Amino acid sequence: MEPVPLCKGEIIVHIQDREHLAALDANSRAAAIIVDDAVNVTRARRHAGERLIGVAIEARLAQEEDTTSETWNADWMIHQFRDVVAKALRVKADFLYFRMGESLQALRAAVLAATDQSGVGILVELPVDEDGCMPDGTPLMCALGILQRIGVAGLILTGNLDEIDETISELSPHSRVALGLALKANDGKHGKTLPEAEFYLAVSEEQAERIVPLIPESDDTEDPEIDRDYILAPVGRKVHFVDATIDISDPLDLEDHFEETLLELEDVWSGAIKLEITSLEDIYLLAENQYLLERPVCLAAENPVLFEKALRVFNGIALYDGTWELDSEHLDMFTRHYGLISL
């Protein structure tokens, strides 16, 4: 993954019409430009100078209401985004900017559609409510834990400014990516200092000029340090922090009364649950029943192809304890592409 160069206080401008695009000049406050479709990338380069150019992509499935029956088929969802991502890559966009639709599952599929094809930088916009959750009810901490391990370079939060300020403070100690703030048209008009973020997304050049004096000064000495002993490893909408000493259950056969056994284990087991993947049927069972998982998940599969299929359908970050040792090439790819945590 190519990083998106971002520094404290930098501004990205999302330009949505040709008039504003043509108005860009050498004195623009923007460090990078986002346009709404790949067609405008070439046009933007005529006005953007050396600035990076990104393409906005809605991470929304065309038939989102029907995805319940398709959740086992991660490739089906990823395919929905493949063509639009490929179009942005053909015009050599410097980065992709995914805007969240209804679900983190669809957003994750969009990111995987991009990383399947290229290592281009990725920014993701996430709406935040007063409880620190996304529209589908997923806590922002879960989204952070998943997205930062599968190739996303920065998260852009949008919502009430006061609530976002608190959310950024909560996420920062656990974030390995840049945290940004997406501003609405009226934000910054009343002269109130903006929440501290690493970069800001403005909706116009005029707003970019207006918010510059409102960006708080940042003291790098106050930046929180990430606790390297514990790793954020969400499962679905459950936040988990794990370390190398976590207890792992004996392998659970998914085809042997998986649902009943899982419910029994959830009542008594306090560590990670190991799921053994030996067939395509196990992949279907994992996808269909993963909503029952309350604990961190360790995956084991002798066949690397099945292991990857399990990683694609799993809506979380999986652990790997060395069972059926993977070669270095597969382990590196699974870690980089799906966020697999090797204990």
Side-chain angles (χ1 to χ4, degrees), residues 1-6 12 14 32-45 51-64 67 70-126 143 146-156 176-178 283 287 304-318 326 328-340:
M1 177 197 72
E2 290 295 327
V4 180
L6 298 168
I12 297 174
H14 186 180
I33 304 297
I34 295 173
V35 294
D36 271 343
D37 57 67
V39 173
N40 283 320
V41 171
T42 301
R43 184 176 293 112
R45 293 203 186 281
R51 298 179 185 89
L52 299 176
I53 306 295
V55 174
I57 297 174
E58 294 288 336
R60 188 185 305 274
L61 294 167
Q63 299 177 329
E64 192 124 18
T67 58
E70 297 280 1
T71 51
W72 67 267
N73 192 346
D75 284 328
W76 179 86
M77 286 190 292
I78 293 168
H79 183 73
Q80 305 306 302
F81 301 106
R82 193 160 288 152
D83 288 346
V84 67
V85 167
K87 186 175 182 180
L89 296 176
R90 281 197 297 272
V91 296
K92 301 188 184 305
D94 297 308
F95 64 96
L96 303 178
Y97 169 56
F98 288 112
R99 308 178 79 174
M100 183 184 175
E102 283 78 7
S103 71
L104 177 60
Q105 187 177 12
L107 180 57
R108 176 180 178 270
V111 171
L112 290 178
T115 56
D116 275 353
Q117 300 179 65
S118 170
V120 69
I122 297 171
L123 299 179
V124 168
E125 180 183 303
L126 297 175
I146 292 171
L147 296 173
Q148 71 179 357
R149 298 191 69 88
I150 64 171
V152 172
L155 303 184
I156 305 175
R176 299 165 25 166
V177 298
I283 307 295
V305 174
L306 288 177
F307 202 122
E308 181 172 9
K309 288 183 179 296
L311 289 170
R312 279 175 96 79
V313 305
F314 180 56
N315 294 324
I317 296 298
L326 291 167
S328 59
E329 183 177 348
H330 282 109
L331 182 57
D332 178 67
M333 194 274 280
F334 294 165
T335 300
R336 175 172 33 85
H337 198 58
Y338 302 104
L340 182 67

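Bear in mind the structure is a predicted one, so any value in this text is a computation, not a measurement.
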List for me each residue that meets side chain to side chain contact (heavy atoms under 4.5 Å, CB included) alongside Ala114, sequence neighbours excluded, and say none if there are none. Val85, Leu96, Phe98, Ile122

Could you measure the distance from the CD1 atom of Ile12 to the CD1 atom of Ile156? Nearest 0.5 Å is fine. 5.5 Å

Which heavy-atom pair separates Ala93 from Val120 by the least distance, and what is that distance? O-CG2, 3.7 Å

Is the shortest heavy-atom distance from the side chain of Ile34 to the side chain of Phe95 under 4.5 Å? yes

Can a donor-acceptor pair be found, under 3.5 Å and without considering hydrogens, that links the side chain of Gln80 to the backbone of Leu61? no

Which pair of non-hydrogen atoms, one from Phe81 and one from Ala106, has the smallest distance, and what is that distance? CE1-O, 3.5 Å

Report the residues that fulfil side chain to side chain donor-acceptor pair (under 3.5 Å) with His330, sequence neighbours left out, ordered by chain and then residue number. Asp327

Passes salt bridge (Lys or Arg N to Asp or Glu O under 4.0 Å), Asp94 versus Arg45? Steps please. CA-CA 11 Å; Asp94 297 308; Arg45 293 203 186 281; 3.5 Å; yes

Derivation and outcome, side chain to side chain contact (heavy atoms under 4.5 Å, CB included), residues Leu89 and Gln117: CA-CA 9 Å; Leu89 296 176; Gln117 300 179 65; 3.8 Å; yes

Is there a side chain to side chain contact (heavy atoms under 4.5 Å, CB included) between Ile146 and Asn315 once you walk through the steps? CA-CA 8 Å; Ile146 292 171; Asn315 294 324; 5.8 Å; no

For Lys92, check side chain to side chain contact (heavy atoms under 4.5 Å, CB included) against everything at least two apart and list the hits. none

Check salt bridge (charged side-chain N to carboxylate O under 4.0 Å, His left out) between Asp36 and all other residues, then give those that pass, not counting sequence neighbours. none

Please step through side chain to side chain contact (heavy atoms under 4.5 Å, CB included) for the pair Leu112 and Arg82, ending with a clear verdict. CA-CA 9 Å; Leu112 290 178; Arg82 193 160 288 152; over 6 Å; no

All pairs passing salt bridge (charged side-chain N to carboxylate O under 4.0 Å, His left out) where residues 106-115 contributes a residue, at least two apart: none

What pair of heavy atoms forms the shortest contact from Val35 to Ala44, and how long is it? CG1-CB, 4.0 Å

Apply the test salt bridge (Lys or Arg N to Asp or Glu O under 4.0 Å) to residues Lys87 and Asp83: give CA-CA distance (whole Å), side-chain angles for both, the deciding distance (0.1 Å), then the verdict. CA-CA 6 Å; Lys87 186 175 182 180; Asp83 288 346; over 6 Å; no

Rounded to the nearest 0.5 Å, what separation is found between the OG atom of Ser118 and the CZ atom of Arg90? 13.0 Å

If you apply the rule side chain to side chain contact (heavy atoms under 4.5 Å, CB included), what do you find for Leu155 with Leu147, and how did you get there? CA-CA 9 Å; Leu155 303 184; Leu147 296 173; 3.9 Å; yes

Here the pair of heavy atoms bringing Thr115 nearest to Ile150 is CG2-O, 3.6 Å

Please list, one pair per line, the donor and acceptor atoms closer than 3.5 Å that link side chains of residues 304-313 to other protein atoms, with sequence neighbours excluded.
unit_1	atom_1	unit_2	atom_2	d
Glu308	OE2	Tyr338	OH	2.6
Arg312	NE	Asp75	OD1	2.8
Arg312	NH1	Tyr338	OH	2.6
Arg312	NH2	Asp75	OD1	2.9
Arg312	NH2	Asp116	OD2	2.9

Do you know which of Asn40, Ile53, Leu52 makes side chain to side chain contact (heavy atoms under 4.5 Å, CB included) with Ile33? Ile53

Is there a donor-acceptor pair closer than 3.5 Å between any side-chain N or O of Arg149 and the backbone N or O of Gly339? yes

Rounded distance [0.5 Å steps], CD1 in Ile317 versus CG in Leu340: 8.5 Å

